[in-house]
*Asks:* 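Below is a structure I'd like to ask you about.
This one's a predicted model, so the numbers in the text were calculated from it and none came from an experiment. Chain letters run A, B, ... following the sequence lines, proteins first, then strands; residues in each count from 1.
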Amino acid sequence: MERVFTDHLGDWKRSCYCGEPRVDGVGRELILGGWVQRRRDHGGLIFVDLRDRSGVIQVVFNPEIDPASHEKAKQIRSEDVLAVRGSLTKRPPETVNRELSTGEVELSVRELRLLNASQVPPFLIEDETDANENTRLKYRYLDLRRPQSLGHLLLRYRMTKKIRDYLDSKGFIEVETPVLTKSTPEGARDYLVPSRIYPGKFYALPQSPQLFKQILMVGGLDRYFQIVRCFRDEDLRADRQPEFTQLDMEMSFVQPEDVIDMVEGMMTALFKELKGIELKRPFPRLSWEEAMSRYGTDKPDLRFSLELIDFSSAFKGSQVKVFSGAIEKGGLVKGVKVAGGANLSRKELDDLTAFVSQYGAKGLAWIKFTEGDWQSPIAKFLSEKERGEILGLTGAKSGDILFFVADEPKVVYEALANLRLHLGEKLGLISEKDYSLLWVVDFPLLEYDPEEKRHVSVHHPFTAPLEEDLPLLEKEPLKVRSKAYDLVLNGVEIGGGSVRIHQVELQKQLLGLLGIGAEEAKEKFGFFLEALGFGAPPHGGIAFGIDRMAMILSGARSLRDVIAFPKSQRAVCLLTDAPSSVDARQLKELGIKIALGD
RNA sequence: GGGGUCGUAGUUCAGCUGGAUAGAACGCCGGCCUGUCACGCCGGAGGUCGCGAGUUCGAGUCUCGUCGGCCCCGCCA
């Protein structure tokens, strides 16, 4: 039987939100509106928990107060929308509900208006919902009614609001840049938008407004920011969505220190506002090289130690062939010591081995230090000298365990960085309440891409080299460091930026190093190079992942929790079913034929 | 593109080495109930076991394929 409600709001004006009434309002007549969290029908009395974004209040339908509304209330079901008029009353002391902000009061209803009936919801609207994400995303509007969902969006809003206020106070101007723009080489795959007016040509959705913000500096804006949607057509992860939001900023006449200083001020204000935390300034800083050697990653989580230890020199020429072999081939032997980790079971060690194999490690060697003994598959191959060096490097004591990975540097770093994180979580070394902010600086400007057989930018092609390294650019480009900086929060890169190249000749030289010839440069970035030639000031900036920041600051597990309408891992919007087919007519207008291979 | 994992009632799950009528909880429907707030009590409905092949006397269970959710690798300057 379909329930249909036909009441209208009429001249009723809502008095306040459901979560607001308190004892001091007792006796007042209130009009409230909201959704039915729950109905408890006692035959004689009917209780309804009425919910809106502010919270829940109990409303009571008592036939002795108003028989008509009590009769009407019998039809009420979960998630119906209703408005009630009645008097706020104090609850009898024994019926006070301490769980509710409004638990000392309730509304005695004199009139009920049934505004809209709800279908039976597919899952209960509660914070501890166990509905799977599939269902929650399909019925996102129901999921959003959960206080936790609202909390995430609210925190995100307060964050962007504070950012805007802060940057405004520092003289930044928010400027919008195009969403329909030009596809550029380098970087991620572009989302393309076909042009109807120029069949066969395409706009691209921006991966970031990089060139536009630099051109705004050429335009004399001096301080720009934008909270802006960006698009990258790559595969998704828990921390990666195809469309995401950046705080993009840029400043003129600056060096890295100036940008870093501005950002520290902003982050400090943000943490104070959102978490009530006073951050200490300056934030800690690591060079890229130090971050890699101590943590194996350019975004270390400093909330716990477990630093990497280098055994490469200790194992040169070792009887342990996997170690000495790796070193001979130009690789490394590195490891981590877990104090008190000797009680890890064989199964756990096997799991850890499987874990590092994901990152290309061929094995995970270990030594358990027990009372007067070294338990290890490699123990019998270790010389006295090596044993001495291991003890010297690690200070290992009885009860500890040591892990080793020997391979080419990239594999060693990736495997151990991830192992370190994995162990940190598994062993409970990370306090959820801690926040660790860290700058990583002095990145290399370029790295060599063996697949493309050319140099590629570590940051992006517009990043300026460190002035002191400029002489190396011609002969040893891989040794050149850049004026780039990343801000890392709890092991997540939340922001990255650089001071840019503002001189056209240097920019051309750099594009050349990347294998982008004059011809291609002109076609792809001609407008930009031309702009640099008209008096581009020195400038630099940074961009932050707003979604990631919101995720971390709200303690969410996934980016999807802090995005109102996120995509599934296969890049589908489960609510709208996008992407979808389009009319043949639309395709024809665009001059597009679908040519799907078999 | 690859690996892992999950898919059984509206929801979350159980379902053993393949065996007869596929269960539970919550939700839903009906009845009773004036102080509940995860109300309670009584009764009831609800299933193409994601989909398609195959093996078998017999498949929710085994095999292959396929679709979808999630996690990861590759990818993401």
Side-chain angles (χ1 to χ4, degrees), chain A residues 1 3 37-50 56-65 70 74 77-79 89 91-100 102-103 106 108 119-126 128-139 142 184-190 207-208 210 230-242 244 354-360 414-415 418 422 443 445-447 449 451-452 454-463 482 484 493 496 498 510-511 514 516 543 545 557-558 560 567-570 572 574 577:
Chain A
M1 172 198 76
R3 297 178 310 129
Q37 176 72 31
R38 223 175 221 110
R39 178 190 64 131
R40 291 176 294 280
D41 185 345
H42 287 234
L45 280 181
I46 297 174
F47 299 97
V48 166
D49 293 337
L50 196 64
V56 167
I57 188 169
Q58 172 164 282
V59 303
V60 189
F61 297 92
N62 187 335
E64 287 161 20
I65 291 175
H70 175 263
K74 288 179 180 168
R77 295 293 180 272
S78 289
E79 300 309 314
T89 52
R91 293 200 194 189
E94 65 279 9
T95 68
V96 164
N97 185 346
R98 303 268 163 227
E99 304 292 309
L100 291 181
T102 58
E106 62 194 6
S108 294
Q119 304 286 334
V120 175
F123 53 89
L124 265 68
I125 314 297
E126 299 174 330
E128 303 76 29
T129 182
D130 48 7
N132 82 33
E133 215 168 337
N134 205 354
T135 317
R136 287 173 44 207
L137 290 180
K138 181 170 175 195
Y139 300 97
L142 299 178
T184 50
E186 304 284 301
R189 194 177 295 114
D190 284 323
Q207 297 180 26
S208 87
Q210 183 61 34
C230 300
F231 306 87
R232 292 178 190 176
D233 188 4
E234 299 291 350
D235 288 343
L236 286 77
R237 291 284 187 281
D239 62 352
R240 247 161 54 190
Q241 283 272 313
F244 59 99
F355 178 80
V356 295
S357 75
Q358 287 183 86
Y359 305 96
E414 243 174 80
N418 284 294
H422 185 71
F443 281 78
L445 183 69
L446 302 167
E447 62 188 341
D449 183 336
E451 237 162 66
E452 296 207 31
R454 65 181 184 96
H455 293 117
V456 294
S457 296
V458 168
H459 193 58
H460 59 53
F462 317 107
T463 300
S482 69
E493 184 204 318
S498 61
L510 217 99
L511 289 174
L514 297 173
I516 300 173
R557 297 238 167 130
S558 158
R560 294 185 295 275
K567 306 271 189 292
S568 79
Q569 184 156 43
R570 308 229 15 229
V572 167
L574 295 172
D577 252 337

*Asks:* In whole Å, what separates the P atom of B/rC75 from that of B/rC70?
*Replies:*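 Roughly 22 Å separates the two P atoms.
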
*Asks:* Measure CZ/A/F231 against C1'/B/rC75 and give the value in whole Å, please.
*Replies:* 20 Å

*Asks:* Looking at B/rG27, I'd like to know if its phosphate oxygens (OP1 or OP2) sit under 4.0 Å from a side-chain N or O belonging to A/R77.
*Replies:*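 Result: no.
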
*Asks:* Looking at residues at least two apart in the chain, or sitting in another chain, which of them share a side chain to side chain contact (heavy atoms under 4.5 Å, CB included) with A/E99?
*Replies:* A/N97

*Asks:* If we call it a pair only when both distances are under 3.5 Å in a Watson-Crick or G-U wobble match, what pairs with B/rC70?
*Replies:*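 Because both required distances fall under 3.5 Å, B/rC70 counts as paired with B/rG4.
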
*Asks:* What is the distance from atom CG of A/L445 to atom NE2 of A/H460, rounded to the nearest 0.5 Å?
*Replies:* 10.5 Å

*Asks:* Given B/rU34, B/rG30, B/rG69, which nucleotide is nearest the side-chain atoms of A/N62?
*Replies:*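 The nucleotide sitting nearest to the side chain is B/rU34.
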
*Asks:* Going from OG1 on A/T89 to CG on A/N62, what distance comes out if it is rounded to the nearest 0.5 angstrom?
*Replies:* 10.0 Å

*Asks:* Going by side chain to side chain contact (heavy atoms under 4.5 Å, CB included), name the residues that satisfy it together with A/S357, two or more places apart in sequence or in a different chain.
*Replies:* none

*Asks:* When the P atoms of B/rC71 and B/rG30 are compared, how many Å lie between them, rounded to an integer?
*Replies:* 40 Å

*Asks:* Taking ring-ring contact (aromatic ring centres under 6.0 Å, His included) as the test, write out the residues that go with A/F355, two or more places apart.
*Replies:*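 A/Y359, A/H422.
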
*Asks:* Applying salt bridge (charged side-chain N to carboxylate O under 4.0 Å, His left out), can you list everything that pairs with A/R237, at least two apart in sequence or on another chain?
*Replies:*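 Result, salt bridge (charged side-chain N to carboxylate O under 4.0 Å, His left out) vs A/R237: none returned.
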
*Asks:* When you measure only distances, ignoring hydrogens and angles, does the side chain of A/E106 come within 3.5 Å of the base of B/rG35 through a donor and an acceptor?
*Replies:*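 Counting by modelled atom types and ignoring angles, a donor-acceptor contact under 3.5 Å is found here.
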
*Asks:* Quantified in whole Å, what is the C1' atom distance between nucleotide B/rG40 and nucleotide B/rU36?
*Replies:*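 Going atom to atom, C1' in each nucleotide, I get 9 Å.
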
*Asks:* If I take atom CG in residue A/D577 and atom P in nucleotide B/rG68, what distance separates them, rounded to the nearest angstrom?
*Replies:* 11 Å

*Asks:* Identify, with sequence neighbours excluded, every residue that meets salt bridge (charged side-chain N to carboxylate O under 4.0 Å, His left out) alongside A/D41.
*Replies:*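 For A/D41, the residues satisfying salt bridge (charged side-chain N to carboxylate O under 4.0 Å, His left out) (neighbours in sequence not counted) are A/R39.
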
*Asks:* Any idea which of B/rC73, B/rG69, B/rG35 is nearest the A/R570 side chain?
*Replies:* B/rG69

*Asks:* Atom CD of A/Q207 to atom C1' of B/rC76: distance rounded to whole Å?
*Replies:* 9 Å

*Asks:* Would you measure the distance from the P atom in B/rC64 across to the matching atom in B/rG3 and give it in whole Å?
*Replies:* 12 Å

*Asks:* Does the structure show a Watson-Crick or G-U wobble partner for B/rC26, both distances under 3.5 Å? Name it, or say none.
*Replies:*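 For B/rC26, the partner nucleotide comes out as B/rG10, under the 3.5 Å rule.
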
*Asks:* Expressed in angstrom and rounded to an integer, what is the separation of A/K567 atom NZ from B/rC70 atom P?
*Replies:* 13 Å

*Asks:* If you measure from the P atom in B/rG47 to the same atom in B/rA22, how many Å do you get, rounded?
*Replies:* 12 Å

*Asks:* Applying salt bridge (charged side-chain N to carboxylate O under 4.0 Å, His left out), can you list everything that pairs with A/R40, at least two apart in sequence or on another chain?
*Replies:* A/D49

*Asks:* For A/R237, report the nucleic acid contact type (base, sugar-phosphate, nothing); a contact means any heavy atom under 4.0 Å.
*Replies:*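 Base: the residue A/R237, judged by heavy atoms under 4.0 Å, touches a nucleobase.
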
*Asks:* Looking at every non-hydrogen atom in both residues, tell me the closest pair between A/F443 and A/A484 and how far apart they are.
*Replies:*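 That closest heavy-atom pairing would be CD1-O, 3.9 Å.
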
*Asks:* Partner lookup for B/rA45, please. Criteria are Watson-Crick or G-U wobble with both distances under 3.5 angstrom; report none if nothing qualifies.
*Replies:* none

*Asks:* Run the salt-bridge test on A/R240 and A/E234 with the 4.0 Å N-O cut-off and return the result as yes or no.
*Replies:*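 A/E234 and A/R240: not salt-bridged.
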
*Asks:* Mind checking if A/E64 touches a base, just sugar-phosphate, or nothing, with heavy atoms under 4.0 Å?
*Replies:*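 Since a base atom lies under 4.0 Å of A/E64, the category is base.
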
*Asks:* A/A238 or A/V458: which one's nearest nucleotide on RNA chain B is closer to the 5' end?
*Replies:* A/A238

*Asks:* Partners of A/L236 by side chain to side chain contact (heavy atoms under 4.5 Å, CB included), sequence neighbours excluded?
*Replies:* A/Q241, A/P242, A/K567, A/Q569, A/A571

*Asks:* A/Q37 near the nucleic acid: base, sugar-phosphate alone, or nothing, with a heavy-atom cut-off under 4.0 Å?
*Replies:* nothing

*Asks:* Enumerate all atom pairs, one protein N or O and one N or O from nucleotides 9-12 of chain B, separated by less than 3.5 Å.
*Replies:*
unit_1	atom_1	unit_2	atom_2	d
B/rU11	O4'	A/P122	O	3.0
B/rU12	OP1	A/N132	N	2.9
B/rU12	OP1	A/N132	ND2	3.2

*Asks:* Nearest 0.5 Å, what's the CG-OG1 distance between A/N132 and A/T135?
*Replies:* 4.0 Å

*Asks:* Return the value, rounded to whole Å, for the distance between atom CD1 of A/I125 and atom P of B/rG27.
*Replies:*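 Rounding to the nearest Å, CD1 of A/I125 and P of B/rG27 are 14 Å apart.
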
*Asks:* Take the protein atom CD of A/E414 and the nucleotide atom C1' of B/rC75, then report the distance between them rounded to whole Å.
*Replies:*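 Between C1' of B/rC75 and CD of A/E414: 12 Å.
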
*Asks:* Not counting sequence neighbours, which residues clear salt bridge (charged side-chain N to carboxylate O under 4.0 Å, His left out) with A/K138? List them please.
*Replies:* none

*Asks:* Is A/Q569 touching bases, backbone alone, or none of the nucleic acid, heavy atoms closer than 4.0 Å?
*Replies:* base

*Asks:* How close or far is atom P of B/rG50 from atom CG of A/N134, stated in whole angstroms?
*Replies:* 14 Å

*Asks:* Mapping A/D239 and A/Q210 onto RNA chain B by nearest heavy atom, which one lands closer to the 5' end?
*Replies:*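 Of the two residues, A/D239 wins.
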
*Asks:* Below 3.5 Å is the cut-off: list the nitrogen or oxygen pairs between protein and nucleotides 44-47 of chain B, distance only.
*Replies:*
none

*Asks:* Strictly by Watson-Crick or wobble contacts shorter than 3.5 Å, is anything paired with B/rU36, and which nucleotide is it?
*Replies:* none

*Asks:* Between A/Q58 and A/T102, is a side-chain contact (heavy atoms from CB on, under 4.5 Å) present by the stated rule, with each step listed?
*Replies:* CA-CA 8 Å; A/Q58 172 164 282; A/T102 58; over 6 Å; no

*Asks:* Could you please name the option among B/rC71, B/rC37, B/rC76 that lies closest to any side-chain atom of A/A188?
*Replies:*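 The nucleotide sitting nearest to the side chain is B/rC76.
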
*Asks:* Would you tabulate the pairs of protein nitrogen or oxygen atoms and nucleotide nitrogen or oxygen atoms of nucleotides 38-43 of chain B closer than 3.5 angstrom?
*Replies:*
unit_1	atom_1	unit_2	atom_2	d
B/rC39	OP1	A/R38	NE	3.1
B/rC39	OP2	A/R38	NE	3.2
B/rC39	OP2	A/R40	NH1	3.4
B/rC39	N4	A/D41	O	2.7

*Asks:* Please determine, for the side chain of A/P63, which listed nucleotide (B/rC71, B/rU34, B/rG74) has the closest atom?
*Replies:*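 Nearest nucleotide to the side chain: B/rU34.
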
*Asks:* Give me the distance, rounded to whole Å, that separates B/rA9 from B/rU61 when you measure between the P atoms they each carry.
*Replies:*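 Pairwise P distance, B/rA9 against B/rU61, rounds to 15 Å.
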
*Asks:* Closest approach to the side chain of A/T95, judged atom by atom: which nucleotide of B/rU34, B/rC72, B/rU36 is it?
*Replies:* B/rU36

*Asks:* Sequence neighbours left out, what passes ring-ring contact (aromatic ring centres under 6.0 Å, His included) with A/H70? Give chain and number order.
*Replies:* none

*Asks:* Using a 4.0 Å heavy-atom cut-off, does A/R560 contact any base of the nucleic acid, only the sugar-phosphate backbone, or nothing at all?
*Replies:* sugar-phosphate

*Asks:* From B/rG74, B/rG69, B/rG35, pick the nucleotide closest to the side chain of A/S568?
*Replies:*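 The nucleotide sitting nearest to the side chain is B/rG69.
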
*Asks:* Specify the separation, in whole Å, of atom CG of A/D449 and atom C1' of B/rG74.
*Replies:* 13 Å

*Asks:* Can you check the distance between B/rC62 and B/rG19, where both ends of the measurement are the C1' atom (answer in whole Å)?
*Replies:* 14 Å

*Asks:* What nucleic acid atoms does A/V60 come within less than 4.0 Å of, heavy atoms only: base, sugar-phosphate, or nothing?
*Replies:*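 Nothing, no heavy atom under 4.0 Å.
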
